[in-house]
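Here is the structure we will look at.
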Amino acid sequence: MEFTPLVEDKNSRARTGLLKTDHGEIRTPIFMPVGTVGSVKGVYHRDLKEDVKAEIILGNTYHLYLRPGLEILNKAGGLHRFENWDRPILTDSGGFQVFSLTGIRKITEEGCTFQSHIDGSRHTFTPENNVTTQRMIGADICMAFDECCPGDADHAYAEKSLALTQRWLARYAKAFHESEPLYGYEQTFFPIIQGCVYPDLRIKAAEHALEYADAGIAIGGLAVGEPTEKMYEMIELLDPVIPRSKARYLMGVGTPANILEAISRGVDMFDCVMPTRNGRNGMLFTWNGILNMRNEKWKDDFSPLDPAGTSFVDSTYSKAYLRHLFIAGEMFAAMIASEHNLAFYLDVVRQARLHIEQGDFTAWKEDAVKRITTRL
RNA sequence: GUGAGAUUAGUUCAGUUGGUAGAGCACCAGAUUGUGGUUCUGGGUGUCGUGGGUUCGAGCCCCACAUCUCACC
């Protein structure tokens, strides 16, 4: 797999780039819709490609391992064929799920033992079997198995956690290089930089992770409870440490404004559940600001959902209609909102690329952030 | 027609010896960052069926009426 930086912004650390995979090229900066269990919830693949214009989507190792399970995925010929998605896929290792399963999991040197949230059955993820699992799923980009350290952890805990993540990374890399892709196309993996909000740990983590980085590297353990400013500080701190030749993936982030701020600090790739999960609950992100579609004030507003939007739902349906669907509990509401939000997120990164190419990214970003954070 | 029970928030219902009402859901508003189709936080939105009476004071006691449910002619 190959990452090629293209245009550098003069006034910030933003840049455009191209990530080449056997399932097609990804233009960066990019946002990757989350499709945890093999579906970007509520959006047809057709719309994901043609309307949202997604270039890559995510899957989740933890969820797919539990359901439908490796046997089915392997029989299907991998996740691409199973869900019939022919563009690139990235799978998270399940490290974050393990982190959020506090109470029904136990972390040891060997790996992590946890109980299924579905039936309570016990399972163990190790760096080695996580590679096997992600080989069976067949993602183009696999994520290393890490321990996601809480944003409010003290230095001692964060240091201990990082040391474990680093030992797991070495084992993961070894297993990855000693195994082969199962479905005839290339797979790569991104190591993950942890270290919580502590500069010394983050630098150490980055230097170590870089030893294992191929096309890209991920920044993990952010947007997990620490102040947003801390997150930006950590990205700025890491920027000079990571070579420009590596794609940088900020995991789990974030709001459209978070994404633009991170782009200006040199980040290339993003994923977040926010456009879909918050969309399902009535929150719409637009160039004019943020709307809560459940609000009573939209009940007789028959204007288009988002006049500036690129999705067909934006001009097809009105605010009053979508509010009605939300209040009525119609699944169609979640579908429309998800499609709109994803199309908007992809438009945000597309506009960012355009303005980096035009050389006016910084000025454009300052104005855009003000607009998109307005509460309507 | 007779008898019994019921009538309190949008709804289903609590409401102590009489001291101007409260819960679930709904609704209204806010949160949500490597997804458990969620979860969390805040808000009570009321002519206590109507009209009288007793009482310092009535959702509660008394009378009449209205409406509903059930049972029996």
Side-chain angles (χ1 to χ4, degrees), chain A residues 31-43 56-64 66-67 89-104 114-120 130 134 139 141-151 165 190-194 216-228 230-232 249-259 261-262 267 269-283 285 290-299 323 326-335 337-338 341-342 345 375:
Chain A
F31 177 78
M32 309 180 282
V34 177
T36 311
V37 293
S39 127
V40 175
K41 294 183 194 300
V43 185
I56 171 173
I57 61 174
L58 260 67
N60 185 277
T61 302
Y62 167 82
H63 289 282
L64 291 166
L66 290 178
R67 239 177 358 203
I89 293 177
L90 178 151
T91 42
D92 186 20
S93 64
F96 185 78
Q97 278 58 45
V98 160
F99 151 78
S100 56
L101 282 171
T102 317
I104 49 173
F114 57 89
Q115 276 185 272
S116 159
H117 68 277
I118 300 164
D119 62 6
N130 199 263
Q134 293 197 69
I141 302 171
C142 303
M143 299 308 299
F145 186 62
D146 65 338
E147 188 198 352
C148 184
C149 182
T165 285
F190 283 18
I192 302 171
I193 299 168
Q194 289 290 344
I217 192 164
I219 303 171
L222 290 177
V224 286
E226 82 288 355
T228 305
K230 277 285 170 198
M231 175 171 85
Y232 294 150
Y249 165 29
L250 179 59
M251 304 184 76
V253 173
T255 65
N258 288 159
I259 289 173
E261 293 298 349
V267 177
M269 303 165 70
F270 304 87
D271 80 280
C272 190
V273 303
M274 200 173 266
T276 39
R277 181 198 280 163
N278 289 29
R280 281 198 300 281
N281 289 298
M283 192 174 202
F285 298 94
I290 299 168
L291 296 77
N292 181 346
M293 281 317 301
R294 298 185 66 99
N295 283 174
E296 195 167 26
K297 61 186 164 193
W298 309 121
K299 72 179 174 188
R323 165 175 149 91
F326 269 114
I327 298 299
E330 287 292 315
M331 66 172 83
F332 194 31
M335 294 171 66
S338 297
N341 278 347
L342 288 176
Y345 267 63
R375 294 276 164 174

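Because the structure is a prediction, the values reported are computed rather than measured. Note on naming: letters A, B, ... go to the chains in the order of the sequence lines (proteins, then strands), and numbering restarts at 1 for each one.
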Task: Nearest-angstrom distance, P atom, C60(B) to G15(B) - done: 14 Å
Task: Ser93(A) side chain to Ala144(A) backbone, donor-acceptor under 3.5 Å - done: yes
Open item on the list: Base, sugar-phosphate or nothing for Ile192(A)? Non-hydrogen atoms, less than 4.0 Å.
Closed with: base
Open item on the list: At 4.0 Å (heavy atoms only), tell me whether Asn258(A) reaches a base, stays on the sugar-phosphate, or touches nothing.
Closed with: base
Open item on the list: By the 4.0 Å heavy-atom rule, please label Asn292(A) as base, sugar-phosphate, or nothing.
Closed with: sugar-phosphate
Task: 5' to 3' contact window, RNA chain B with chain A (heavy-atom distance under 4.0 Å) - done: C27(B) to U38(B)
Open item on the list: Within the 4.0 Å heavy-atom criterion, would you say Gly221(A) contacts the bases, only the backbone, or no part of the nucleic acid?
Closed with: base
Open item on the list: What contact category does Arg67(A) fall into here, base, sugar-phosphate, or nothing, at under 4.0 angstrom with non-hydrogen atoms?
Closed with: nothing
TODO: Determine the interatomic distance between C1' on U16(B) and the same-named atom on C72(B); round to the nearest Å.
DONE: 36 Å
Open item on the list: I'd like the C1' distance from G42(B) over to G3(B), given in whole Å.
Closed with: 50 Å
Task: Upstream residue (5' side of RNA chain B) when Asn278(A) and Val34(A) are each assigned their closest nucleotide - done: Asn278(A)
- [ ] For Glu226(A), report the nucleic acid contact type (base, sugar-phosphate, nothing); a contact means any heavy atom under 4.0 Å.
- [x] nothing
Task: Any-strand Watson-Crick or G-U partner of C72(B), both distances under 3.5 Å - done: G1(B)
Task: Integer angstrom distance from the C1' of A9(B) to that of C13(B) - done: 11 Å
Open item on the list: Using only atom types and a distance under 3.5 Å, with no angle test, would you say the side chain of Thr61(A) pairs donor to acceptor with the backbone of Asp92(A)?
Closed with: yes
Open item on the list: Please give the distance between the C1' atoms of C68(B) and U54(B) as a whole number of Å.
Closed with: 29 Å
TODO: Considering only atom C1', compute the distance from G51(B) to C56(B) and round it to an integer number of Å.
DONE: 23 Å
Open item on the list: Applying the Watson-Crick and G-U wobble criteria at under 3.5 Å, what pairs with A9(B)? Answer none if nothing qualifies.
Closed with: none
Open item on the list: What contact category does Asn281(A) fall into here, base, sugar-phosphate, or nothing, at under 4.0 angstrom with non-hydrogen atoms?
Closed with: base
Task: Identity of whatever pairs with A21(B) - Watson-Crick or G-U, under 3.5 angstrom - done: none
Task: 5′-ward residue of the pair Arg294(A)/Glu330(A) relative to RNA chain B - done: Arg294(A)
- [ ] Hunt down the Watson-Crick or G-U wobble partner of U39(B), both distances under 3.5 Å, from any strand shown, or write none.
- [x] A31(B)
Open item on the list: Checking the side chain of Gln115(A) only, and the main-chain atoms of Gly120(A) only, is there a donor and an acceptor separated by less than 3.5 Å?
Closed with: yes
TODO: Indicate whether the side chain of Asp271(A) and that of Tyr249(A) have a donor and an acceptor atom separated by less than 3.5 Å.
DONE: yes
Task: Opposite nucleotide pairing with A14(B), Watson-Crick or G-U, both atom distances under 3.5 Å - done: none
Task: Pairwise P distance, A31(B) and A14(B) [rounded to whole Å] - done: 38 Å
Open item on the list: Taking salt bridge (charged side-chain N to carboxylate O under 4.0 Å, His left out) as the definition, give me every residue that meets it alongside Glu261(A), ordered by chain and number, with sequence neighbours left out.
Closed with: Arg265(A), Lys365(A)
Open item on the list: Need the pair for C60(B). Rule: Watson-Crick or G-U wobble, both distances under 3.5 Å, any strand; none if unpaired.
Closed with: none
TODO: Name the nucleic acid region contacted by Met143(A), choosing base, sugar-phosphate or nothing; use a 4.0 angstrom heavy-atom cut-off, strictly under.
DONE: nothing
Open item on the list: To the nearest 0.5 Å, what is the distance between CG on Leu291(A) and NZ on Lys297(A)?
Closed with: 7.5 Å
Open item on the list: Using the P atom as the point on both nucleotides, what is the distance between C48(B) and G22(B), in whole Å?
Closed with: 14 Å
Task: For Glu296(A), all residues meeting salt bridge (charged side-chain N to carboxylate O under 4.0 Å, His left out), sequence neighbours excluded - done: Lys299(A)
- [ ] Could you tell me whether the side chains of Gln134(A) and Thr91(A) share a donor-acceptor contact shorter than 3.5 Å?
- [x] yes
Open item on the list: In the structure I gave you, are the side-chain heavy atoms of Gln194(A) and Ile192(A) within less than 4.5 Å of one another anywhere?
Closed with: yes
